[in-house]
Asks: 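The structure follows.
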Amino acid sequence: MDAGTGMAAAEFPEAEFPFVGDNSRGCRVAVKRPEAGRPALVHLVKRGKGEFILSGQERGAGATRDTLPSVYSTDDCDARLLVPVNTTHLKVEPFDGEPCSWAMRVLPLGEAAAFTGEHVGESSDVLYRFDAMPGLLEVEVERAQDHQRWEVSFVCDHQLGGPLYVDRFCRECEAVTDRETERIGTRLADYVEATGEDGGRFFVPGSGVITFVSEDNCRWSLRAARL
């Protein structure tokens, strides 16, 4: 079922958010990319305590494969998520119980905020790192509930034009990571995943996209650290 523009229209201006709905029924939104062959952002606004699940899909001839983005929320949120080039649709699951309403729009990747060494956020977001030099980033998460899962990860420029499957990796970035690991004597992680208030450090081999994804809103910060 395609998403319409009549549901929850009073809460979300149609001119800004062409796709609106609620959790009383599921829907599937076809991704219309602002830039052909390039990743995009989905700007999601959700209101209400009802359960909300959004997932990406790659729909082809006779087959459907789950892709990014993937998010679960039971709280209000105003989030931006990365949409890889292979994601053709965004799927919203239906739920009984406490209601919620939502709105989505697809934006070009250029709408991502530039990471210049420090950033503070309140919800899932996408940042762009222009610095081509390898670096270490430190993430701290505050005001997260004990059960709340979150993760921060990096997608290099080389991978942005690809499908971003979990079984894919960039050989150029792997070579940079191996070199820096040998230099400092410690294996460097390329993502951090945790539950509740926590934090950690992760390695970025060059320029690309940083994504922070959380189940619900929480205050988080990201800053450059010494390598």
Asks: Quick one, Glu180 with Arg183, criterion salt bridge (Lys or Arg N to Asp or Glu O under 4.0 Å). Give me CA distance, side-chain angles, the key distance, then yes/no.
Replies: CA-CA 5 Å; Glu180 292 300 315; Arg183 184 177 68 84; 2.8 Å; yes
Asks: Can you check whether Arg65 reaches Asn86 side chain to side chain, under 4.5 Å on heavy atoms?
Replies: no
Asks: Where does the angle between the aromatic ring planes of Phe52 and Trp102 fall among parallel (under 30°), tilted (30 to 60°) and perpendicular (over 60°)?
Replies: tilted
Asks: Can you tell me how the ring of Phe17 sits relative to the ring of His43, calling it parallel under 30°, perpendicular over 60° and tilted otherwise?
Replies: tilted
Asks: Is the shortest side-chain N to carboxylate O distance from Asp75 to Arg47 below 4.0 Å?
Replies: no
Asks: Less than 4.5 Å apart, any side-chain heavy atom of Val213 and any of Leu81?
Replies: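 Counting from C-beta outward, Val213 and Leu81 do come under 4.5 Å.
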Asks: With a 3.5 Å distance limit and no angle check, can you tell me whether Arg129 reaches the backbone of Asp131 through a side-chain donor-acceptor pair?
Replies: yes
Asks: Taking the side chain as every heavy atom from C-beta outward, state whether Arg179 and Pro134 have any pair of such atoms under 4.5 Å apart.
Replies: yes
Asks: Does the side chain of Val20 reach to within under 4.5 Å of the side chain of Ser101, using non-hydrogen atoms?
Replies: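 Side chain of Val20 against side chain of Ser101, heavy atoms only: no contact under 4.5 Å found.
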Asks: Quick check: do Thr64 and His89 have side-chain heavy atoms less than 4.5 Å from each other?
Replies: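 No, too far: nothing below the 4.5 Å cut-off.
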Asks: Output yes when Lys46 and Asp76 qualify as a salt bridge under the 4.0 Å nitrogen-oxygen rule, no when they do not.
Replies: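 Judged by the 4.0 Å cut-off on N to carboxylate O distance, Lys46 and Asp76 do not form a salt bridge.
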Asks: Are Val42 and Tyr72 joined in one hydrophobic group, where the rule is that I, L, V, M, F, W and Y side chains link up if heavy atoms are under 4.5 Å apart?
Replies: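 In one cluster: no.
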Asks: Search all heavy atoms of His158 against all heavy atoms of Cys173 and return the closest pair with its distance.
Replies: ND1-SG, 3.8 Å
Asks: For the side-chain contact (heavy atoms from CB on, under 4.5 Å) test, which of Ile210, Leu68, Leu82 pairs with Val155?
Replies: Leu82
Asks: Check whether any side-chain heavy atom of Glu151 lies under 4.5 Å from a side-chain heavy atom of Val139, and answer yes or no.
Replies: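 SC-SC contact between Glu151 and Val139 ruled out.
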Asks: Val31 and Val71: same hydrophobic cluster, using ILVMFWY side-chain contacts below 4.5 Å?
Replies: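 Result: yes, single cluster for both.
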Asks: Is there a continuous path of hydrophobic side-chain contacts, each under 4.5 Å between heavy atoms, that joins Ile53 to Leu44?
Replies: no
Asks: For the pair Ser123 (side chain) and Cys77 (backbone), establish whether a donor and an acceptor sit closer than 3.5 Å, ignoring hydrogens and angles.
Replies: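 Not confirmed, Ser123 side chain does not pair with Cys77 backbone.
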Asks: Do you know the tightest heavy-atom contact between Ser207 and Phe130?
Replies: CB-O, 3.6 Å
Asks: Within the 4.5 Å heavy-atom criterion, are Asp78 and Glu122 side-chain neighbours or not?
Replies: no
Asks: What heavy-atom pair brings Phe203 and Val176 nearest, and what distance separates the two atoms?
Replies: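 Here Phe203 and Val176 meet closest at CZ-CG1, 4.1 Å.
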Asks: I want to check something: taking the side chain as every heavy atom from C-beta on, are Arg187 and Thr177 in contact at a cut-off of under 4.5 Å?
Replies: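 When only atoms from C-beta onward are counted, Thr177 and Arg187 do touch, with a gap below 4.5 Å.
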